[in-house]
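Written below as structure tokens is the structure these notes are about.
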Amino acid sequence: MQSQDAAAQSPALSSPAGQAVDVEQAEAALVEHYPRLVRLAYLVLPSRMSRTRRVLTAHALVQRALPRGRSDAPLIPAQSAGRDGDPGYALVRLQVVRSALEAGLPLRRRGLPKRSQLPPLLPQVWGLTVFPRPGGADELALDQRLSALSGPARAAHVLRGLERLPDTDVRRVLDGAGVADPDAALAEADGIPDPYRLLESPEFDPCALQARPTDLLRRRRHLKAGVVGAAALAVCGALLSLPGDGWGADGPAAPPYARNPAAQAALDPAKLTRVPDSAWRTSERTDFSVWPARGALTGDRALLRRALAVWARPGEGVTSSATPGTPTGGPAGPPHLLYAGTVDAARVVVLYDGWRLARYAEPEEGARGAALDLARVDRAGRAGASAVVLSRSDGNVRFLLAPWVREAGERDLREPDDDARELPLEDGVTGPFVSEQGREPCTTWNTLELTDGTGTRLLTDLGELVPARLTTGRPGEVKDVSGEKARRTWQPYACSLAAMRSAGVRGVNAWAYAEQPLPDGDGRARWLCTRGETWRGTGARVLAQFHSPGARYGAVAARAEDVPACGTRQPDVLAGVLWKSAGGTWYLLAAGSEGVESVEATGGVEGRAKDRLLSVRAEKGARADLEGTLEDGGSVGGLR
């Protein structure tokens, strides 16, 4: 037992209840829960860091989380008892969240950066790169969705799922960590539909690492350069002879690892595939393979060389992204050139290798840095190969359109009666398209309206390289959104498209599968199922939505991922919702598609309907299990 004298000499932090947290107590909590704290820091840190730096930064932030002397910042009330009632753990956790959020802030031009924003001095690993064990497609998708969130929203999601904190406590933790608007962070975190179990995956465990050597040949060269002074002078001379932006022929690409003939051919701008401007008019194919090369810089061999080299070997200064399920390796042979030009103060190159699109962008002048975005587009037909995102700047998007597109417009899906705003076209590039997707409150949802020789269709920007096609109708009989009736079908549900962002979605269908008379004479409600299909085939996202009379928005009654419901393989769907009548009575409402003959509710609410529509009185907050019987004798469960 510790003596009173020893305890009095220990620096401590007082809780609101007057309880003191000794440094020794905080250290004990840190050591005991070290793996969980490092995982917490790793998940909150932005994924734009390299995986090695993210791992080392997470360890450094946790190791620096102990209090130093007596602090004037008290423990917030919700955190006076942390994991297993330990206030020492709560104190360390709060400091880890605060410093991880600071580490994700951009550096300011004026003023000194905070310590957490700088590369960690310790720990360091020499000669090796370390990174967590890779997970599956679900973990990759979650990591990309988290990267699209702000730092406070990532912290809110992780505190909810990893720490199992209720929203009230999460709000207080964020407030204690210096977040200006915790409510906005919680609302933004609501957009992630993934199960919290993925946060426990080895993909996000910075304590279970794999190690690989760094570039051995480069290390050997550097060693020789350090020993031989003449070599050092030669290196300095070579650096002084580089162009003003500091790039060599390959730009910000990493050093080459292989020089086999196929790899070299794939990096030769002279061997890029270019098709005639009229190829799409005579070809049986209508996909990216028949797009001509457009843009004012298609003859800039140095730019094309840098784009090819970065695709094959993105260096540390390159910001890379890929839609879920998209391999990130370089092309197997010379790809197809679709565009090279200047867009919004950046030089942009778009390439296609037969099943992936690659967009390379670098600043036109000034600051160094480059970006590489990859997206799967295999089996893209005429609709799927209609548009590619060229640039995003200040909420505006410019698209490169297929050569068969005659007209382009911007249409608000929330206002189906309004006319589309015409988008000017120049060499296939649109004028600025206002993309406000994901903003709260959702009052508009702009879509790209394209007209070609086969008709008109709507595409929606979901934050990726290729916009997704919007359709309506029963699975297997879907049609493009091309008229007022189809736009009215989408109107109440447009904002639910935010749930499809950053998932590699190629198209979203809306199917109004049932209408239901409401109890107490409150009118008729509509049930609609939206299904987002992905380019990779797996990971389809399904939402069952309920729209009551007079409501401006549809309410999401159920959501699921990787299920056949509402698809061509299994169109049948069943979903339920708790609904309060105008008279104040609560009901369980459920509706199935046309193939459902009867519906039964069990659990918190008991009831049965001899058709596909169920209405049963219920208590507020009740939960029930739904089961439907199909015409062929099979069954369908309620969508969750």
Side-chain angles (χ1 to χ4, degrees), residues 187 190-193 412-416 437-438 440-445 447 458 460 462 468-475 478 481 485-501 503 505 507-518 522-533 540-567 570-581 587-596 599 601 612-615 623-624 626 628 636-640:
D190 287 336
I192 294 189
D412 184 0
L413 204 56
R414 296 284 301 140
E415 301 293 342
Q437 277 74 315
E440 294 293 342
C442 177
T443 57
T444 62
W445 192 277
T447 57
L458 290 186
T460 183
L462 297 179
R469 176 191 181 192
L470 295 181
T471 57
T472 60
R474 181 181 176 85
V478 302
V481 179
K485 181 179 179 181
R487 295 196 298 269
R488 285 189 177 278
T489 298
W490 264 108
Q491 179 187 9
Y493 313 102
C495 293
S496 67
L497 286 166
M500 307 287 178
R501 289 174 59 85
V505 172
V508 188
N509 182 59
W511 174 35
Y513 67 86
E515 282 196 7
Q516 183 173 24
L518 295 174
D522 284 353
R524 299 180 67 85
R526 298 186 72 194
W527 288 88
L528 181 129
C529 185
T530 54
R531 181 180 176 93
E533 297 287 357
R541 295 185 173 184
V542 181
L543 303 178
Q545 302 190 63
F546 174 82
H547 185 224
S548 57
R552 181 167 171 78
Y553 302 97
V556 176
R559 65 180 70 204
E561 188 169 330
D562 254 339
V563 297
C566 291
Q570 183 184 313
D572 301 302
V573 61
L574 172 65
V577 67
L578 280 177
W579 173 82
K580 185 180 180 181
S581 70
Y587 291 88
L588 170 66
L589 304 179
S593 53
E594 293 179 359
V596 178
V599 179
R612 61 192 181 111
L613 303 176
L614 173 70
S615 175
R623 301 179 66 88
L626 297 175
V636 58
L639 194 68
R640 293 181 178 275

Handout entry: Heavy-atom check, side chain of V542 versus side chain of C529, under 4.5 Å
Key = yes

Fill in the blank from the handout: Residue set satisfying salt bridge (charged side-chain N to carboxylate O under 4.0 Å, His left out) with R612, at least two apart, ordered chain then number -> none

Practice task
Sort out for me which residue in L470, T444, T460 forms a side-chain contact (heavy atoms from CB on, under 4.5 Å) with L413.
Solution key: L470

Practice task
Drop me the distance from W511's CH2 to T471's OG1, to the nearest 0.5 angstrom.
Solution key: 12.5 Å

Practice task
Kindly indicate whether the side chain of Y587, heavy atoms from C-beta on, has any atom under 4.5 Å from the side chain of L518.
Solution key: no

Fill in the blank from the handout: Sorted by chain and residue number, the side-chain hydrogen bond (donor to acceptor under 3.5 Å, both in side chains) partners of D412 (sequence neighbours excluded) come out as none

Problem - For Q491, all residues meeting side-chain hydrogen bond (donor to acceptor under 3.5 Å, both in side chains), sequence neighbours excluded - result: none

Exercise for the section: State which residues pass side-chain hydrogen bond (donor to acceptor under 3.5 Å, both in side chains) with E415; sequence neighbours excluded, sorted by chain then number. Expected result: none

Handout entry: Over 12 foreign heavy atoms within 6.0 Å of CZ, R552
Key = yes

Problem - Residues which pass side chain to side chain contact (heavy atoms under 4.5 Å, CB included) with P517, listed by chain and number, not counting sequence neighbours - result: R524, L613

Practice task
Please name the residue in the list V573, L574, V577 that meets the side-chain contact (heavy atoms from CB on, under 4.5 Å) test with W527.
Solution key: V577

Practice task
May I have the step-by-step check of side-chain contact (heavy atoms from CB on, under 4.5 Å) for Y493 and R526, ending in yes or no?
Solution key: CA-CA 11 Å; Y493 313 102; R526 298 186 72 194; 4.1 Å; yes

Exercise for the section: Check whether any side-chain heavy atom of T447 sits under 4.5 Å from a side-chain heavy atom of V481, and report yes or no. Expected result: no

Fill in the blank from the handout: Nearest heavy-atom approach of G592 to A514 is O-CB, 3.9 Å

Practice task
Report the residues that fulfil side chain to side chain contact (heavy atoms under 4.5 Å, CB included) with A187, sequence neighbours left out, ordered by chain and then residue number.
Solution key: none

Practice task
Determine the minimum heavy-atom distance between A591 and Q516, stating which atoms define it.
Solution key: CB-OE1, 4.3 Å

Handout entry: Which atom of C566 lies closest to which atom of P475, heavy atoms considered
Key = O-CG, 3.2 Å

Exercise for the section: List in chain and number order the residues that pass side chain to side chain contact (heavy atoms under 4.5 Å, CB included) with V556, two or more places apart in sequence or in another chain; answer none if no residue qualifies. Expected result: L543, Q545, R559

Practice task
Could I get the full list of side chain to side chain contact (heavy atoms under 4.5 Å, CB included) partners for A551, not counting sequence neighbours?
Solution key: H547, S548

Completion exercise
Heavy-atom closest pair (A590 atom, V599 atom, distance to 0.1 Å) is CB-CG1, 4.3 Å

Practice task
Return the minimal non-hydrogen interatomic distance between A575 and L626, and the atom names on each side.
Solution key: C-CD1, 3.8 Å

Practice task
Can you measure from CZ (R541) to OG1 (T530) and round to the nearest 0.5 angstrom?
Solution key: 11.5 Å

Exercise for the section: Quick one: list whatever passes salt bridge (charged side-chain N to carboxylate O under 4.0 Å, His left out) with D562, sequence neighbours left out. Expected result: none

Problem - Residues that S593 engages under side-chain hydrogen bond (donor to acceptor under 3.5 Å, both in side chains), provided they are two or more places apart - result: none

Completion exercise
R531 meets the salt bridge (charged side-chain N to carboxylate O under 4.0 Å, His left out) criterion, sequence neighbours left out, with E533

Practice task
Report the C-alpha distance between T489 and L528 in whole Å, list the side-chain angles of each, state the deciding distance to 0.1 Å, and finish with yes or no for side-chain contact (heavy atoms from CB on, under 4.5 Å).
Solution key: CA-CA 9 Å; T489 298; L528 181 129; 3.9 Å; yes

Practice task
Kindly say whether G473 contributes a backbone atom to a donor-acceptor pair with the side chain of N509 at under 3.5 angstrom?
Solution key: yes

Practice task
Side-chain contact test, heavy atoms from C-beta onward, threshold under 4.5 Å: evaluate it for L458 versus W490 and give yes or no.
Solution key: no

Problem - Closest non-hydrogen atom pair between A494 and W445, with its separation - result: O-CD2, 3.8 Å

Problem - Side-chain heavy-atom pair C495, R414 within 4.5 angstrom cut-off - result: yes

